[in-house]
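Please read the structure below before turning to the comments.
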Amino acid sequence: MQEKKHLLNDLKKELRENADEKQAVNLRRFFKTARGEYGEGDVFLGIKVPIQREICKKYIDFSLGYLQKLLDSKIHEERFCALAILGDKYRKADEVKKKDIFEFYLKNAKRINNWDLVDLSAPNIVGDYLLDKDREILYDLARSDNLWQRRIAVLSTFTFVRERDFGDTLRIAEMLLRDEHDLIHKAVGWMLREIGKRDLEVEEKFLRKHYKKMTRTMLRYAIEKFDEEKRRYYMTG
């Protein structure tokens, strides 16, 4: 136990040794941490992602208990490392341990509270685990009042899209057409665009039915790869 605690302190120390205040200022602005913004109160050390990933590789053996301590942190990079390590543990786990990691992730969904943390982890843990299982939990998350749980619901389906399994993505997209938050508009549009990369007719069938109800941001993301004439058609109706 003492050795593990020592390693936890080592990770935190290593993160602080790589802190960059100038970068932290930029990240606080980029991730909207001011009062009333979606990332309000998030604390950044200012460490670039490749550096964080290199640091995290040294701590793959952390238990879920120690990852919990990192997820409970106010410091963004500590939560990022927790999720990067959790993803690595998941990839190497057997089915029993994958279930434990999946349940641990869902228990901490509200702590996965910025878009980069969701995007880093949801497809590779939640999406992967649910590939061959009942997916009702995604619909519960999509109905949540919590922004990050709704984004987890959308981004988890990226794993299904990669397998050309589009049904859940489309159904969740329908549920979130009138969502109030820009980060959900972007996520849904992104997933629709990913469907279109694999089957354009499936995406366009959805768009023809719903494009007049979609927010402009969601629609722009969804049609980003279309030719100019087709983009103009959807944007102007």
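Computed from a prediction, not measured in an experiment: that's the story for all the values here.
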For the residue pair [X] and [Y], what are the closest heavy atoms and their distance?
X: L131; Y: R135; value: O-NH2, 2.8 Å
X: L192; Y: E203; value: O-CD, 3.2 Å
X: T157; Y: L138; value: CG2-CD1, 4.1 Å
X: N146; Y: K110; value: ND2-CG, 3.8 Å
X: C56; Y: A84; value: SG-CB, 4.1 Å
X: L67; Y: K89; value: CD1-CD, 3.9 Å

Carboxylate-amine/guanidinium proximity below 4.0 Å for [X] and [Y]:
X: K97; Y: D94; answer: no
X: E77; Y: R16; answer: no
X: E229; Y: R232; answer: no
X: K57; Y: E14; answer: no
X: K213; Y: E174; answer: no
X: E103; Y: K99; answer: yes

On the 0 to 90° scale, with breaks at 30° and 60°, tag the [X]-[Y] ring pair as parallel, tilted or perpendicular.
X: W115; Y: F30; result: perpendicular
X: W190; Y: F158; result: perpendicular
X: H76; Y: F44; result: parallel

In one Ile/Leu/Val/Met/Phe/Trp/Tyr side-chain cluster, 4.5 Å: I51, L70: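 Cluster IDs for I51 and L70 match.
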Cluster overlap Y221 with L200, hydrophobic side-chain contacts below 4.5 Å: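 They do share one cluster, since a chain of ILVMFWY contacts under 4.5 Å joins Y221 to L200.
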Pairwise salt bridge (Lys or Arg N to Asp or Glu O under 4.0 Å) hits with a residue in residues 32-49, at least two apart: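 Residue pairs with at least one partner in residues 32-49: D42-R79.
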Would you say that more than 12 heavy atoms from the other residues, nucleotides or ligands in this model lie under 6.0 Å from the [atom1] of [X], or not?
X: R162; atom1: CZ; value: yes
X: K58; atom1: NZ; value: yes
X: D132; atom1: CG; value: yes
X: F226; atom1: CZ; value: yes
X: K197; atom1: NZ; value: yes
X: K13; atom1: NZ; value: no

Reference residue I85; test side-chain contact (heavy atoms from CB on, under 4.5 Å); the match among L11, D61, I55: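 By the side-chain contact (heavy atoms from CB on, under 4.5 Å) criterion, I85 pairs with just one of L11, D61, I55: L11.
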Straight-line distance of R151 CZ to L117 CG, nearest 0.5 Å: 10.5 Å
Main-chain N/O of P123 paired to T159 side chain as donor or acceptor, under 3.5 Å: yes
